[in-house]
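Structure provided below as structure tokens; questions to follow.
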There are 2 protein chains.
Amino acid sequence: MFIIFDYMEPVTLKNIASELGISVTTASKALKNYPDVSPKTRKAVVDLAKKLNYTPNSFAVNLRTKESKIIGLIIPEIVHHFFSSVINAIIKKAEKKGYLVITLQSNESDKLEEKQIDLLLDKRVDGILMSLSNNRKDLSPLKKIIESETPLVLFDKISKVINCSKVIIDDRKAAYSATKHLINSGCKNIAHFRGPLNPQNSIDRFLGYKKAIEDYKLTFDKSLIYTCEKVTYKEGYNFAKQLHLSNKKVDAIFAITDLVAIGAITYFNEANIKIPEQISIIGFSNWFMASVISPSLSTVDQPGNEMGKTALKLLLKEIKATKKGKKIEYKTIVLPTDVICRNSTKK
Amino acid sequence: MFIIFDYMEPVTLKNIASELGISVTTASKALKNYPDVSPKTRKAVVDLAKKLNYTPNSFAVNLRTKESKIIGLIIPEIVHHFFSSVINAIIKKAEKKGYLVITLQSNESDKLEEKQIDLLLDKRVDGILMSLSNNRKDLSPLKKIIESETPLVLFDKISKVINCSKVIIDDRKAAYSATKHLINSGCKNIAHFRGPLNPQNSIDRFLGYKKAIEDYKLTFDKSLIYTCEKVTYKEGYNFAKQLHLSNKKVDAIFAITDLVAIGAITYFNEANIKIPEQISIIGFSNWFMASVISPSLSTVDQPGNEMGKTALKLLLKEIKATKKGKKIEYKTIVLPTDVICRNSTKK
DNA sequence: ATTAACATCGAAATCGATTTCGAAATAACC
DNA sequence: GGTTATTTCGAAATCGATTTCGATGTTAAT
């Protein structure tokens with residue numbers, strides 16, 4: 001039975017040292033394996049430290065070493081399969097490497113995003129990982145990170161202009177493959193439910209779609225492009241309805257996201273329109289539900305785990321380099337994507 | 001155009017003070033609105049601080065104030081709708097209150113969970129929020145948190161034995177309501193796809209189910225209980241198949257989770273068994289896909305956002321109390337749940 | 001015995017901000 | 001004028017760990 005005192009002495013080096021009648025210096029050295037400590041003294045210190053459950057005060061260590069061993073992560077949305085799998089990968093790997101992760105959600109607000117950057121810099125995190133909000137136009141907050149000499153790695157939703165490491169997929173190529181898959185299965189009039197006009201990956205997916213249409217001698221029809229503002233299930237549903245009621249001759253849809261695609265599928269199921277016989281649908285992301293919905297959704301696999309892992313790997317490398325005062329070489333890593341054929345498209 | 005020197009002087013109070021020819025003390029006081037600073041000096045300090053973009057070194061502040069302004073959060077799984085919405089709520093509200101959140105994922109491993117507790121205590125977070133892993137039996141790591149005088153609030157997956165604040169739903173009552181809903185719609189032979197044997201909420205949901213069966217004079221049949229080990233889509237699918245092939249007389253299923261329920265739905269859809277005509281299904285959680293699957297899934301709404309918010313509120317209150325040396329009153333808050341009727345059950 | 005080499009230790013500075021306490025200077029009062 | 005308030009400032013201690021550098025004492029070498 002332990003008696004807990006109202007005021008318990010904190011376990012510090014000072015305490016350990018005075019308990020053993022030695023100096024703080026020696027106690028510190030004993031625990032850090034300095035050579036100039038006698039075996040006897042070292043053992044005494046190590047034993048007492050273990051007995052008292054000593055752990056170095058991280059505040060003091062941070063101040064001394066100028067490292068926080070914390071990484072900042074800013075993403076637009078947490079409740080989102082792709083991002084939560086990225087977070088997952090980052091947190092796990094970071095922990096293994098001795099870093100903890102502070103996660104923030106910009107909620108697609110650029111103002112909030114800027115505040116969060118400041119918060120992380122004030123906390124003096126060792127590095128920052130970011131996937132940009134759709135609304136980001138002013139890049140000065142990002143430059144501020146770089147000027148503060150805090151390593152920065154952008155992933156997925158990046159800015160090409162910013163000079164730092166990046167991890168992305170080739171959205172244009174992936175969208176091209178998805179569209180090609182539709183064309184190869186015999187579709188000729190392919191609509192595109194695209195994302196908002198600003199974000200680079202939304203633009204790229206549109207361009208990939210368009211290129212495929214043109215490469216395969218189909219005619220690009222502007223009226224078959226529907227622009228999602230919030231990229232929601234509801235929008236997918238509504239655009240599918242609009243498309244259907246418009247009586248346009250369309251035999252396939254490439255949706256910016258699985259969520260949007262599933263919205264469309266739901267509408268067509270309700271309207272008794274057969275997928276893929278009457279209309280083929282392909283999504284983007286390959287989140288869990290794509291394999292579960294009926295019919296199961298063909299899609300482009302977007303490797304969230306891989307992206308998180310590589311982004312963190314790059315960041316840690318830069319943190320190490322910065323610490324040594326070495327120059328950093330910025331890399332842009334493009335991860336491969338695969339088209340996954342399921343039952344919402346013809347073979 | 002700025003010239004960036006190889007070695008930039010960090011902006012510290014010391015620098016500001018020496019620049020203005022005053023002491024560090026006065027500079028500090030000027031910025032913290034101490035009364036014993038002349039207006040002229042104060043203005044000079046404030047202006048220079050702004051000009052140089054001074055922010056106090058958080059490492060030093062932490063060391064001095066013994067606060068990190070960081071909260072630790074440990075959950076079993078991130079890629080999980082319920083938990084990601086909890087995280088979401090916590091992070092957002094914490095930020096508003098001036099706290100950042102370090103998130104860790106125990107991955108349902110008790111060993112990992114213990115390491116993570118140590119990590120957070122070593123980092124000297126101001127408080128810890130936890131949802132326990134299924135495998136937790138040894139409660140000493142939790143007691144360690146409490147003994148370290150770090151405020152702790154458990155939510156969702158809790159331990160009743162631990163003396164701290166808790167935020168939960170009444171799983172038993174919620175499961176009772178769900179089962180009652182099935183009974184009221186005319187079902188008489190109700191199977192239960194339950195969760196693992198250890199976790200309290202899995203036990204409680206089972207007990208709620210059983211109580212409803214007994215209260216309404218149906219016979220409890222042990223052979224209609226299927227125990228998920230990992231609570232996955234696949235298990236739901238497989239148990240549905242087993243159930244079907246066993247030729248047991250069953251007209252309804254109460255599944256521990258929407259995910260499991262959706263697994264079952266998928267199987268029955270494939271097997272051409274009509275829902276809810278031939279079999280009714282009700283899930284638990286109300287994650288997004290429940291409204292999207294076909295047929296849409298009746299379920300129990302588990303208020304993730306609300307839970308995150310209240311857990312954080314309790315924690316912040318305890319942090320404040322601890323700081324003032326006040327005694328903490330532990331509360332257990334039970335959040336209400338609703339049965340949501342959709343198309344997988346009869347009216 | 002004397003010097004050199006080595007082993008073992010600790011005082012003190014440092015990281016940067018905060019706060020206590022007292023000193024100095026000025027203003028206000030009788 | 002002398003005393004007391006008031007204003008304004010800064011030296012120094014503190015938070016806890018780390019690291020440099022110098023001081024001992026001990027042993028080995030000549």
Side-chain angles (χ1 to χ4, degrees), chain A residues 7-46 48-49 52-70 121-126 148-149 323, chain B residues 7-46 48-49 52-70 121-126 148-149 323:
Chain A
Y7 179 70
M8 254 194 297
E9 278 280 310
V11 184
T12 63
L13 278 189
K14 199 168 151 191
N15 280 324
I16 291 182
S18 77
E19 184 76 20
L20 296 175
I22 59 175
S23 75
V24 177
T25 310
T26 308
S28 173
K29 285 179 181 171
L31 293 172
K32 305 209 78 191
N33 279 326
Y34 273 62
D36 57 345
V37 177
S38 74
K40 204 169 65 182
T41 313
R42 164 162 297 126
K43 185 169 174 354
V45 174
V46 170
L48 185 58
L52 298 180
N53 226 322
Y54 168 79
T55 59
N57 181 310
S58 68
F59 298 155
V61 176
N62 289 340
L63 180 60
R64 199 61 230 267
T65 62
K66 297 175 189 299
E67 282 185 313
S68 60
K69 289 286 179 181
I70 292 180
L121 292 181
D122 283 358
K123 263 276 174 279
R124 283 174 157 73
V125 294
D126 293 343
S148 78
E149 292 184 61
K323 206 161 39 176
Chain B
Y7 179 68
M8 257 194 298
E9 278 280 310
V11 184
T12 64
L13 277 189
K14 199 168 151 193
N15 279 325
I16 291 182
S18 77
E19 184 75 21
L20 296 175
I22 59 175
S23 76
V24 177
T25 308
T26 308
S28 173
K29 285 179 180 172
L31 292 172
K32 304 211 80 194
N33 279 327
Y34 274 63
D36 59 345
V37 178
S38 73
K40 205 169 66 181
T41 313
R42 166 163 295 127
K43 186 170 173 357
V45 174
V46 170
L48 186 59
L52 297 181
N53 226 322
Y54 167 78
T55 59
N57 182 309
S58 67
F59 298 156
V61 176
N62 288 342
L63 180 57
R64 199 60 228 269
T65 62
K66 298 176 187 298
E67 282 185 311
S68 61
K69 289 286 178 182
I70 292 179
L121 291 180
D122 282 357
K123 264 272 174 282
R124 286 175 156 70
V125 294
D126 293 342
S148 79
E149 291 185 63
K323 208 163 33 178

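First the proteins, then the strands, lettered A, B, ... as listed; each starts at 1.
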Not counting sequence neighbours, which residues clear side-chain hydrogen bond (donor to acceptor under 3.5 Å, both in side chains) with A:S58? List them please.
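Checked A:S58 against side-chain hydrogen bond (donor to acceptor under 3.5 Å, both in side chains); zero matches.
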Given DNA chain D, 5'-ward residue of the pair A:S58 and B:I22, judged by closest heavy atom:
B:I22
For A:A49, enumerate each residue passing the side-chain contact (heavy atoms from CB on, under 4.5 Å) test, keeping only those at least two apart in sequence or located in another chain.
A:I16, A:L31, A:Y54
Could you run down the sub-3.5 Å N/O contacts of the protein with nucleotides 23-26 of chain D?
none

For A:S38, check side-chain hydrogen bond (donor to acceptor under 3.5 Å, both in side chains) against everything at least two apart and list the hits.
A:T41
Closer than 4.0 Å, any side-chain N/O of B:T41 to the OP1 or OP2 of D:dC9?
yes
Any residue meeting salt bridge (charged side-chain N to carboxylate O under 4.0 Å, His left out) with A:K323, in chain and number order, not counting sequence neighbours:
A:E67
Partner set under side-chain contact (heavy atoms from CB on, under 4.5 Å) for A:A60, not counting sequence neighbours
A:N57, B:L63
Do the side-chain N or O atoms of B:S23 get closer than 4.0 angstrom to the phosphate oxygens (OP1, OP2) of D:dC9?
no
Please determine whether side-chain contact (heavy atoms from CB on, under 4.5 Å) holds for the pair B:T55 and A:R124, giving the CA-CA distance in whole Å, both sets of side-chain angles, and the decisive distance to 0.1 Å.
CA-CA 10 Å; B:T55 59; A:R124 283 174 157 73; 4.0 Å; yes
Collect all protein-nucleotide pairs involving nucleotides 13-16 of chain D in which both atoms are nitrogen or oxygen and the distance is under 3.5 Å.
residue : atom : partner : partner atom : Å
D:dT14  : O2   : B:R64   : NE           : 3.4
D:dT14  : O2   : B:R64   : NH1          : 3.3
D:dC15  : O3'  : B:K66   : NZ           : 2.8
D:dG16  : OP1  : B:K66   : NZ           : 2.9

Tell me what B:T65 touches on the nucleic acid: a base, only sugar-phosphate, or nothing, going by heavy atoms under 4.0 Å.
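Result for B:T65 = nothing.
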At what distance, to the nearest 0.5 angstrom, does CD of B:E19 lie from CG of B:L52?
7.0 Å
Sequence neighbours left out, what passes side-chain contact (heavy atoms from CB on, under 4.5 Å) with B:S18? Give chain and number order.
none
List for me each residue that meets side-chain hydrogen bond (donor to acceptor under 3.5 Å, both in side chains) alongside B:T25, sequence neighbours excluded, and say none if there are none.
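For B:T25 there are no side-chain hydrogen bond (donor to acceptor under 3.5 Å, both in side chains) partners, ignoring immediate neighbours.
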Can you sort out which residues in residues 27-39 of chain B have a heavy atom within less than 4.0 Å of DNA chain C? Ascending by number, please.
B:S28, B:K29, B:K32, B:Y34
Taken to the nearest whole Å, CG/B:L20 to P/D:dT8 is 17 Å
Going by the rule salt bridge (charged side-chain N to carboxylate O under 4.0 Å, His left out), which residues pair with B:K43 if we only count those two or more places apart in sequence or in a different chain?
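B:K43 satisfies salt bridge (charged side-chain N to carboxylate O under 4.0 Å, His left out) with B:D47 only.
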Excluding sequence neighbours, so at least two apart, what forms salt bridge (charged side-chain N to carboxylate O under 4.0 Å, His left out) with A:K29?
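Counting only residues at least two positions away or on another chain, A:K29 forms a salt bridge (charged side-chain N to carboxylate O under 4.0 Å, His left out) with A:D36.
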